[in-house]
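Below, all heavy atoms of this structure are taken into account, side chains as well, without hydrogens, waters or symmetry copies. Atoms within each ligand, like the ligands themselves, are counted from 1 in listed order. Since the structure is predicted, the reported quantities are computational estimates derived from the model, not experimental observations.
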Amino acid sequence: MDCVIIGGGVAGMQAAFSCRRHWPQKTVILIDAEQEVGYFRTLLPQFMVRTLAPSKLFFWKPEDDSRLVVRPGLRAAALDRPNQRVLLENGEKIPYERLILASGGRPVIPGTCVRSSGSGIFPIRNLTSARMVQKWIPEHPRIVILGGGLVGVKTAAHMARPEFKVTLVEKEDQLLPQALSPQAAALVKAHLQQMNIRLITGHSVEDIQMQAGELRSVCVGGNGIDCGTLLVAAGSVPDVQFLQDSGLLMNGELAVTASLQTCDQNIFAAGDAVTVKKEGSYTPWTWPQAITQGRLAGRNIYARDEFPLGMLTRVNSMNLNGLSLVVLGAPVAGAEVLAYSRPQAGIYRELFLKNGRIVGGALIGDISGAGVLHAAMNAEVAVDRNDEDLLKPGLRALRQVSVRYSKPERRVQLV
Ligand SMILES: Cc1cc2nc3c(=O)[nH]c(=O)nc-3n(C[C@H](O)[C@H](O)[C@H](O)COP(=O)(O)OP(=O)(O)OC[C@H]3O[C@@H](n4cnc5c(N)ncnc54)[C@H](O)[C@@H]3O)c2cc1C
């Protein structure tokens with residue numbers, strides 16, 4: 001076998017397509033622990049509440065490509081690097097010439113949930129558990145979502161329907177604490193409250209009550225909340241346990257260069273599993289990054305002239321069931337804040353600047369100009385903090401930034 005890929009999430013699938021496209025004479029074998037692969041993980045919240053047609057969930061269907069072999073339902077247990085083989089949990093050994101690791105992330109499950117045995121507690125991470133949630137919630141419509149980060153907030157927004165009673169619990173004092181400033185998070189909070197979602201911040205799930213093997217209630221901030229469903233969205237960590245003895249981990253991290261090579265020249269890695277080392281450590285674990293990295297790994301795996309990753313930002317856009325949101329980058333300590341606010345219209349736009357360069361920001365309620373602001377941030381061009389048009393909605397930012405930065409010596413490339 002030529003190229004083996006571990007992981008059939010978006011990074012692994014894109015790596016497979018890219019490897020086939022760039023190196024058509026090579027065979028690719030992709031293995032994944034789940035029974036179903038090639039789906040939009042980002043659409044699982046809509047899938048769980050049946051507002052997404054099942055056919056729209058998948059971006060890949062088995063193709064007529066005899067050199068792309070997808071083997072679902074198989075878990076890699078370890079690597080035998082001296083003999084270039086992947087050892088599977090079922091005892092099978094798969095030889096590789098080149099290997100791409102794209103095992104993604106696994107959910108963090110708080111101890112309170114781990115200790116509770118019974119039905120009604122589900123992590124929000126994969127299609128297997130999303131299918132279980134889909135079947136479970138019609139009979140158990142009182143839902144508590146643990147975690148007010150991206151996944152928890154998105155899930156709450158899509159579950160806010162008349163047939164469900166949703167409570168969202170976040171241990172920090174604001175929603176999306178790793179992505180938004182308190183001012184920006186306040187708009188998201190108001191939007192969710194308008195949708196009749198009960199929000200509890202500053203507390204976590206302290207205790208879980210089961211009855212006859214099923215979830216009955218949780219305790220949050222000393223108060224009991226009746227619920228039959230607890231969805232856990234308390235973050236994720238790289239799923240790299242199977243690499244423990246491989247010699248590829250540095251301080252527990254699967255470190256890669258900017259061209260996505262591990263410390264083994266025959267092994268590349270991409271997506272939520274990796275930490276990119278490039279004048280610092282980067283963990284840009286987002287859907288767009290997983291796509292970009294997967295494609296690059298598939299291209300670089302046999303290349304003599306490896307391309308580096310051009311962009312390491314965590315830019316992210318989403319629609320929270322009616323509220324548009326683009327995160328350019330999380331608040332940065334010590335950064336100057338430029339803000340534009342129209343509370344009546346539900347619009348808040350902010351940029352974080354350091355040394356006159358954009359280092360983060362968020363656009364809420366009106367995301368126009370996001371592409372050009374992102375390009376300016378990525379190209380590290382200086383912006384004029386006194387330029388009132390920079391943050392105003394519409395195409396003003398586009399005009400200002402593109403004109404100013406189209407000088408030959410510092411040209412912003414729009415992506
Ligand atoms: C509900 C939800 C909503 C999200 N929404 C957004 C969003 O709006 N925007 C955004 O940017 N990001 C979002 N994300 C995050 C985004 O989905 C991830 O960043 C992205 O999926 C990472 O892709 P990946 O291929 O690296 O990893 P994954 O998607 O985690 O795929 C890894 C695959 O590897 C397999 N695997 C793991 N270990 C093994 C093993 N030992 N053997 C074989 N197979 C293995 C797993 O089964 C899995 O299929 C969301 C995530 C969730 C869960």
Side-chain angles (χ1 to χ4, degrees), residues 4-16 29-49 52 57 59-60 70-79 86-90 92 94 99-108 122-130 133 145 147 149-159 176 179 231-244 246 254 260 269-274 283-295 297 313-321 324-327:
V4 173
I5 297 176
I6 299 177
V10 73
M13 293 303 296
Q14 291 295 339
I29 177 167
L30 180 147
I31 64 165
D32 192 282
E34 271 201 275
Q35 292 294 347
E36 297 171 281
V37 298
Y39 60 86
F40 289 98
R41 200 171 294 280
T42 50
L43 295 180
L44 289 179
Q46 294 93 312
F47 175 79
M48 288 190 283
V49 293
L52 180 84
L57 186 63
F59 60 82
W60 176 81
V70 175
R71 298 190 58 195
L74 295 173
R75 183 173 284 280
L79 298 189
V86 178
L87 312 181
L88 302 187
E89 269 184 6
N90 68 2
E92 205 179 325
I94 302 185
L99 178 65
I100 297 177
L101 302 169
S103 52
R106 64 186 163 82
V108 173
F122 306 90
I124 309 174
R125 182 71 202 182
N126 61 29
L127 183 51
T128 310
S129 57
V133 172
I145 299 170
L150 168 78
V151 173
V153 164
K154 258 183 96 168
T155 304
H158 289 285
M159 291 209 155
L176 294 160
L231 301 179
V232 182
S236 64
V237 290
D239 196 347
V240 292
Q241 284 158 319
F242 70 104
L243 300 173
Q244 234 24 280
S246 68
L254 179 54
L260 302 178
D272 281 11
V274 308
T283 51
W285 299 330
T286 60
W287 182 265
Q289 272 286 335
I291 293 177
T292 307
Q293 292 185 19
R295 287 179 183 158
T313 51
R314 299 193 67 164
V315 69
N316 209 330
S317 83
M318 74 198 77
N319 190 296
L320 294 176
N321 211 352
S324 304
L325 176 71
V326 168
V327 179

Inset, instruction - Supply the atom-to-atom distance Ile5 CD1 to Ile100 CD1, rounded to the nearest 0.5 angstrom. - result: 4.5 Å
Legend entry - Numbered atoms and elements of ligand 1 in range of Ser103, under 4.0 angstrom, heavy atoms: 32 (C), 34 (O), 36 (N), 37 (C), 38 (N)
Inset, instruction - Do me a favour and list the nearest non-hydrogen protein atom to atom 11 (O) of ligand 1 with residue, atom name and distance? - result: Trp287 N, 2.8 Å
Inset, instruction - Please indicate whether any nitrogen or oxygen in Thr42 is less than 3.5 Å from any nitrogen or oxygen in ligand 1. - result: no
Legend entry - Proximal ligand 1 atoms for Lys154, defined as those under 4.0 Å from one of its heavy atoms: 5 (N), 6 (C), 7 (C), 8 (O)
Legend entry - From Leu88 atom CG to Arg75 atom CZ, the distance as rounded to the nearest 0.5 Å: 11.0 Å
Legend entry - Interatomic spacing from CG in Leu243 to CG in Leu79 - rounded to 0.5 Å: 5.5 Å
Inset, instruction - Report yes or no: does a heavy atom of Ala273 sit under 4.0 Å from some atom of ligand 1? - result: no
Inset, instruction - Classify the contact between Leu74 and ligand 1 as side chain, backbone, both or neither, using a heavy-atom distance cut-off of under 4.0 Å. - result: backbone
Legend entry - Those atoms of ligand 1 less than 4.0 Å from some heavy atom in Ile124: 1 (C), 53 (C)
Legend entry - Glu92 versus Asn90, closest heavy-atom pair with distance: N-OD1, 2.9 Å
Inset, instruction - Work out which heavy atom in Ala290 is nearest to a heavy atom in Val10; give both atom names and the distance. - result: CB-CG1, 3.4 Å
Legend entry - From CD1 (Ile124) to CG (Leu231), nearest 0.5 Å: 4.5 Å
Inset, instruction - Determine if the distance from atom 15 (C) of ligand 1 to the closest protein heavy atom is below 4.0 Å. - result: no
Inset, instruction - Name the closest protein heavy atom to atom 26 (O) of ligand 1, giving the residue it belongs to and the distance to 0.1 Å. - result: Asp272 N, 2.9 Å
Legend entry - Sub-3.5 Å N/O-N/O distance, Ala270 and ligand 1: no
Inset, instruction - Show which atoms of ligand 1 fall inside a sub-4.0 Å distance from at least one heavy-atom site of Ala11. - result: 24 (P), 25 (O), 26 (O)
Inset, instruction - Please could you name the atoms of ligand 1 that Thr286 approaches to less than 4.0 Å, counting only its heavy atoms? - result: 11 (O), 19 (O)
Inset, instruction - For ligand 1, note which part of Asn126 has a heavy atom under 4.0 Å away: side chain, backbone, both or neither. - result: neither
Inset, instruction - Using a 4.0 Å heavy-atom cut-off, say whether Ala102 meets ligand 1 through its side chain, its backbone, both or neither. - result: backbone
Legend entry - Min side-chain heavy-atom separation Asn126-Tyr39 under 4.5 Å: yes
Inset, instruction - For residues Pro72 and Glu34, report the shortest heavy-atom separation together with the two atoms involved. - result: CB-O, 3.3 Å
Legend entry - Nearest atoms (heavy-atom pairs only) where Leu176 meets Leu150: CD2-N, 3.4 Å
Inset, instruction - Just need the protein heavy atom nearest to atom 44 (N) of ligand 1, so name the residue and atom and give the distance. - result: Ala33 N, 3.1 Å
Inset, instruction - Just jot down the ligand 1 atoms closer than 4.0 angstrom to any heavy atom of Gly271, in number order. - result: 26 (O)
Legend entry - Residue and atom name of the nearest protein heavy atom (relative to atom 30 (O) of ligand 1), distance in Å to one decimal: Arg125 NH2, 2.7 Å
Legend entry - Which atom of Leu30 lies closest to which atom of Gly7, heavy atoms considered: CD1-O, 3.7 Å
Inset, instruction - Enumerate the atoms of ligand 1 whose separation from the nearest heavy atom of Asp32 is less than 4.0 angstrom. - result: 33 (C), 34 (O), 35 (C), 43 (C), 44 (N), 46 (C), 47 (O), 48 (C), 49 (O)
Inset, instruction - Looking only at distances, please establish whether an N/O atom of ligand 1 is found under 3.5 Å from an N/O atom of Pro288. - result: no
Inset, instruction - Before giving the answer on salt bridge (Lys or Arg N to Asp or Glu O under 4.0 Å), spell out for Arg125 and Asp239 the whole-Å C-alpha distance, their side-chain angles and the decisive distance to 0.1 Å. - result: CA-CA 12 Å; Arg125 182 71 202 182; Asp239 196 347; over 6 Å; no
Inset, instruction - Could you check atom 29 (O) of ligand 1 against the protein and tell me its nearest heavy-atom contact, residue, atom and distance included? - result: Arg41 NE, 2.5 Å
Inset, instruction - Measure the distance from atom 50 (C) of ligand 1 to every protein heavy atom, then report the residue, atom name and distance (to 0.1 Å) of the closest one. - result: Val151 CG2, 4.1 Å
Legend entry - Protein heavy atom at shortest distance from atom 42 (N) of ligand 1: Ala76 N, 2.9 Å
Legend entry - Under 4.0 Å to a heavy atom of Asp239 - the qualifying atoms of ligand 1, by number: 37 (C), 38 (N)
Legend entry - Identity and separation of the nearest protein heavy atom to atom 39 (C) of ligand 1: Arg75 NH1, 3.9 Å
Inset, instruction - State the CD1-CD1 distance between Ile29 and Ile94, to the nearest 0.5 angstrom. - result: 4.5 Å
Inset, instruction - Hey, could you give me the CZ/CZ distance between Phe40 and Phe47, rounded to the nearest 0.5 Å? - result: 14.0 Å
Inset, instruction - Taking all heavy atoms of Leu260 and all of Gln293, pick out the closest pair and write down the distance. - result: CD1-O, 3.2 Å
